[in-house]
Structure formats: structure tokens, C-alpha cells
Protein chains: 2
Amino acid sequence: MSDPAPTATARRTRRHDPHRRDRLIGAALQVIAQRGVAGASHREIARAADVPLGSMTYHFASLDEILAEAFTRHADGIARVFDERLAAARTRDEAVEAVVTLVAGDLLSPGHDLVLTVELYVAAARNPRLKAVTQAWMQRSRDALERHFDPTTAREVDALIEGLTLHSALSTDPMSPAQIRHAIERYLR
Amino acid sequence: MSDPAPTATARRTRRHDPHRRDRLIGAALQVIAQRGVAGASHREIARAADVPLGSMTYHFASLDEILAEAFTRHADGIARVFDERLAAARTRDEAVEAVVTLVAGDLLSPGHDLVLTVELYVAAARNPRLKAVTQAWMQRSRDALERHFDPTTAREVDALIEGLTLHSALSTDPMSPAQIRHAIERYLR
DNA sequence: TGGTCATGCGTACGAGCGTACACATCATGC
DNA sequence: GCATGATGTGTACGCTCGTACGCATGACCA
């Protein structure tokens with residue numbers, strides 16, 4: 001995407017690559033989105049970042065560490081948008097609108113790989129480090145919603161958002177923005 | 001669980017094991033629940049079923065085939081309960097009650113491995129055969145809901161159920177049956 | 001300017017994997 | 001009772017994997 005490897009053509013002298021660690025985390029997310037956590041091996045990530053295999057163990061103590069950092073970045077990115085949209089809303093109606101935009105906009109933005117989130121959920125089921133990442137993310141979402149809604153509503157809306165997102169992600173016949181709006185407004189208005 | 005291998009103690013003469021194929025599918029689900037799809041290897045499943053490795057390739061053409069059959073059984077089981085509960089409901093109120101029971105009952109039943117469903121979703125993202133399984137399951141759920149609700153409501157409730165289920169599955173602080181009832185009734189009444 | 005250490009690179013090792021395949025054995029039908 | 005084919009079993013092959021490790025190099029600072 002952005003910040004490509006320096007001179008991808010000149011293979012010989014590739015030394016001095018600051019931000020390589022960051023690039024590797026980005027490459028990991030790319031590989032996970034494309035091949036899943038199962039396909040995210042050291043070698044595959046290194047290939048995606050155009051970096052030698054040995055570089056992986058230098059920058060990360062283990063595969064686990066790479067996954068944790070990658071998913072943390074993923075969750076932080078989504079949570080930030082969530083925060084910003086809801087913080088900008090001044091009335092309850094604007095907050096409802098923000099939620100609609102979040103779901104419909106998130107779903108429809110082609111660059112946003114929904115499958116990454118599901119991959120995180122599965123991985124978190126067996127990896128305490130990743131479980132902590134998802135928990136923190138959920139808490140952050142709920143806090144953002146509680147700016148405008150009572151805790152019970154916030155929790156329920158959070159679950160609804162989850163379901164709408166997942167359903168659209170998995171269906172070959174995804175819900176239209178209008179349907180998403182309808183579902184959310186039915187619940188919140 | 002039930003239907004154990006014949007005479008698990010006598011290891012030598014274990015031949016003549018009808019239903020072995022069925023047992024293997026069950027063992028596969030067990031392994032997936034415990035170690036995930038990533039950990040569901042021929043060897044692991046064979047070990048869980050107390051069967052030699054060679055038996056796997058005899059009964060299944062590939063790992064893919066085992067996964068497809070296992071997840072089909074999983075989805076069918078849940079869908080059947082779904083169907084039955086909703087078919088038994090005679091009024092709209094009873095239907096609402098049935099949905100509450102399905103979610104809260106499903107979630108709370110300790111034997112029911114929720115993680116299996118998430119595993120299916122992730123696997124389906126990259127496996128057309130499994131994608132077909134999830135699609136058929138979703139359609140069946142929606143059809144069952146449409147016995148009592150209009151199509152739009154059915155779809156939205158289906159998504160809500162998904163979200164409630166997933167949220168409870170992932171949270172260390174799962175929603176109480178009362179909370180689940182509250183969310184569903186708020187939407188349907 | 002020269003030394004040093006963070007960083008980069010290539011390769012090797014042992015383990016687990018899917019799958020293939022040759023051989024053993026017994027239920028079944030004649 | 002016996003032939004036969006379905007079913008069961010053990011092992012081997014080639015591959016990818018995570019990780020370790022020794023050596024190379026050049027950025028940075030005294």
C-alpha cells in the first residue's frame with residue numbers, strides 16, 4: 001500500500017531499512033487477510049514484505065508476537081474510527097447516524113478486510129494475548145457508545161453491530177446500507 | 001461422548017469397526033473445538049478416535065472432505081433445534097420465547113461449543129465447500145424465522161442472534177439470560 | 001577516522017504435516 | 001467352506017514449518 005520496501009528492484013544491497021519492523025506488521029496483516037492466520041508463516045510474511053527469512057526472528061521473538069502486534073494494530077485502527085465518529089456526534093440522532101455510517105461505511109469500504117476481524121476472534125479463542133486484544137477493543141467500543149446511550153443499550157447495540165457486520169461479511173447477498181440503517185434505527189429510535 | 005471405539009483397551013484386534021467413519025467425523029469436531037481447524041490434522045483426529053493414521057485416507061479423500069462433513073454435521077444439528085423450536089411455536093409471542101430460549105439455551109448449554117461456529121466462519125471464508133454449508137445454514141435459519149416474522153425482521157433478528165451469540169462467546173463477562181431476553185424482546189415486541 | 005554494535009542475511013536442523021501405497025485380515029455371498 | 005473384495009494397518013516420502021545461529025556490514029558516536 002504505502003511505505004514500500006526501499007528499491008524493491010535492487011535486491012543486492014538492501015541494508016539500512018528503518019521501519020522494517022512496522023512494514024513487517026503491515027505485511028503480516030496483509031497475509032492474514034489473504035491466507036488466514038493458518039497461512040501466516042514466517043516465510044510467507046517475509047515474502048510479502050520482500051525481506052529475508054532471518055529478519056523475522058530478529059525483529060520478533062516468535063510468530064505469536066507478530067500476530068499479537070498485527071491484530072493490535074488492526075483493532076486500534078477500527079476503534080479509533082469508532083471513537084472519532086461517536087465523539088463528533090452532538091445529539092442522540094447524530095449518534096445513531098454515526099453508528100449507521102460506521103457499520104455501512106465499514107462494511108462497504110472495499111479496503112477494509114472484514115475477515116481479519118473474524119480471524120482475530122478465532123485466534124483469540126486459544127491465545128490469551130489475543131483475547132486481551134479483543135477484550136480491550138470491545139470495552140473501548142462500549143465506552144464510545146456510552147457517550148450517547150445507557151450501558152444496557154450500548155451493550156446490545158454493540159452486539160447488533162457485530163451481528164450485522166458478520167452477516168454481511170459471510171453472505172453472498174450482503175445487506176444493503178438501507179437495510180443496515182433500518183435495523184439500527186429500529187433498535188435505537 | 002457416546003459410541004466409543006470398540007474395546008478401547010484391547011488394542012490388538014480392532015478390526016471390524018462399523019460406523020468408524022461416523023466416529024471419525026465426531027472426533028474431528030472434538031479436535032476442532034479443542035485445537036481449532038489449524039490443529040485438526042489427520043494424525044490428531046486419528047489419535048482422538050483411537051484409530052491408525054492409515055484409516056483416515058481410507059475413509060476420506062482429503063482433509064477438506066473431513067472438515068466439510070464435520071461442519072455439515074455441526075450446522076445441521078443446530079439448525080434442527082432451531083427448526084423444531086420455531087415450528088412448535090403457535091403465536092408470535094411463543095415465537096419470541098422460542099428465540100430467547102434458542103440463544104440463551106444454546107449459549108448456556110455447556111456441551112455446545114460455540115467456538116466451532118466461529119471456526120466454521122473463518123474456514124468458510126476461504127473454502128467454497130464450507131461457504132456453501134454456512135449459506136445453507138443461514139438460509140434455513142431465516143426460513144424458520146419467516147414462519148413467524150416478515151422477511152426483513154427475520155433477517156435482522158438473524159443478525160441480532162449472531163451478534164448476541166458471538167459477543168457472549170468472546171466475552172469473559174458473557175451476557176446473562178435476562179440481558180439476552182431484554183435485547184430480543186426490545187427488538188421483537 | 002576508526003571501532004563497535006545494532007541490524008541484516010543465509011542456511012541448517014528437527015519436527016509435523018498430507019498423502020500414497022503395499023500388505024493383512026475378515027465379513028459376506030455363493 | 002472358500003474366494004473376494006471391502007476394510008483395516010503400518011510405514012515411507014517429500015514438503016513446509018519455526019527457530020537457531022554464525023557471519024557480514026555499515027550507521028553512528030567518541
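Letters go in sequence order (proteins before strands), and every chain restarts at 1.
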Ignoring backbone atoms, establish whether A:His16 has a side-chain N or O less than 4.0 Å from OP1 or OP2 of C:dA6.
-> no
Quick one: is B:Tyr58 getting a side-chain N or O under 4.0 Å of the D:dT7 phosphate, OP1 or OP2?
-> yes
Tell me, do B:Phe60 and B:Leu24 make a side-chain contact under 4.5 Å, heavy atoms counted?
-> yes
Cut-off 3.5 Å, no hydrogens considered: what does the side-chain donor-acceptor table look like for residues 123-130 of chain A, sequence neighbours left out?
from     : atom 1 : to       : atom 2 : distance (Å)
A:Arg126 : NE     : B:Gln34  : O      : 3.2
A:Arg126 : NH1    : B:Glu119 : OE2    : 2.6
A:Arg126 : NH2    : B:Ile32  : O      : 3.0
A:Arg126 : NH2    : B:Ala33  : O      : 3.1
A:Arg126 : NH2    : B:Glu119 : OE2    : 3.3
A:Asn127 : OD1    : A:Arg129 : N      : 3.0
A:Asn127 : OD1    : A:Leu130 : N      : 3.4
A:Asn127 : ND2    : A:Asp64  : OD1    : 3.1
A:Asn127 : ND2    : A:Asp64  : OD2    : 3.4

Is there a donor-acceptor contact under 3.5 Å linking the side chains of A:Thr101 and A:Arg85?
-> no
Provide, to the nearest angstrom, the distance between the CZ atom belonging to B:Phe60 and the C1' atom belonging to D:dG8.
-> 14 Å
OP1 or OP2 of D:dT9 less than 4.0 angstrom from a side-chain nitrogen or oxygen of B:Arg20, does that happen here?
-> yes
Please state how far atom NE2 in A:His59 lies from atom C1' in D:dG18, giving the value in whole angstrom units.
-> 17 Å
Can you tell me how far P of D:dT19 sits from CD1 of A:Ile45, to the nearest Å?
-> 11 Å
Distance-minimising heavy-atom pair for A:Glu146 and A:Ala154 = CG-CB, 3.6 Å
Sorted by chain and residue number, the side-chain contact (heavy atoms from CB on, under 4.5 Å) partners of A:Arg181 (sequence neighbours excluded) come out as A:Glu97, A:Val100, A:Glu185
Using atom names, set out every protein N or O paired with an N or O of nucleotides 16-19 of chain C below 3.5 Å, distance rounded to 0.1 Å.
from   : atom 1 : to      : atom 2 : distance (Å)
C:dC17 : OP1    : B:Ser41 : OG     : 3.3
C:dG18 : OP1    : B:His42 : N      : 3.4
C:dG18 : OP2    : B:His42 : N      : 3.0
C:dG18 : N7     : B:Arg43 : NH1    : 2.8
C:dG18 : O6     : B:Arg43 : NH2    : 3.0
C:dT19 : OP2    : B:Leu63 : N      : 3.2

Measure from CZ on A:Arg21 to P on C:dA6 and round the result to the nearest Å.
-> 16 Å
Using atom CZ of A:Arg35 as one end and atom C1' of D:dC17 as the other, report the distance to the nearest whole Å.
-> 15 Å
Distance only, no hydrogens: is a donor on one side chain within 3.5 Å (strictly under) of an acceptor on the other, for B:Arg186 and A:Thr153?
-> yes
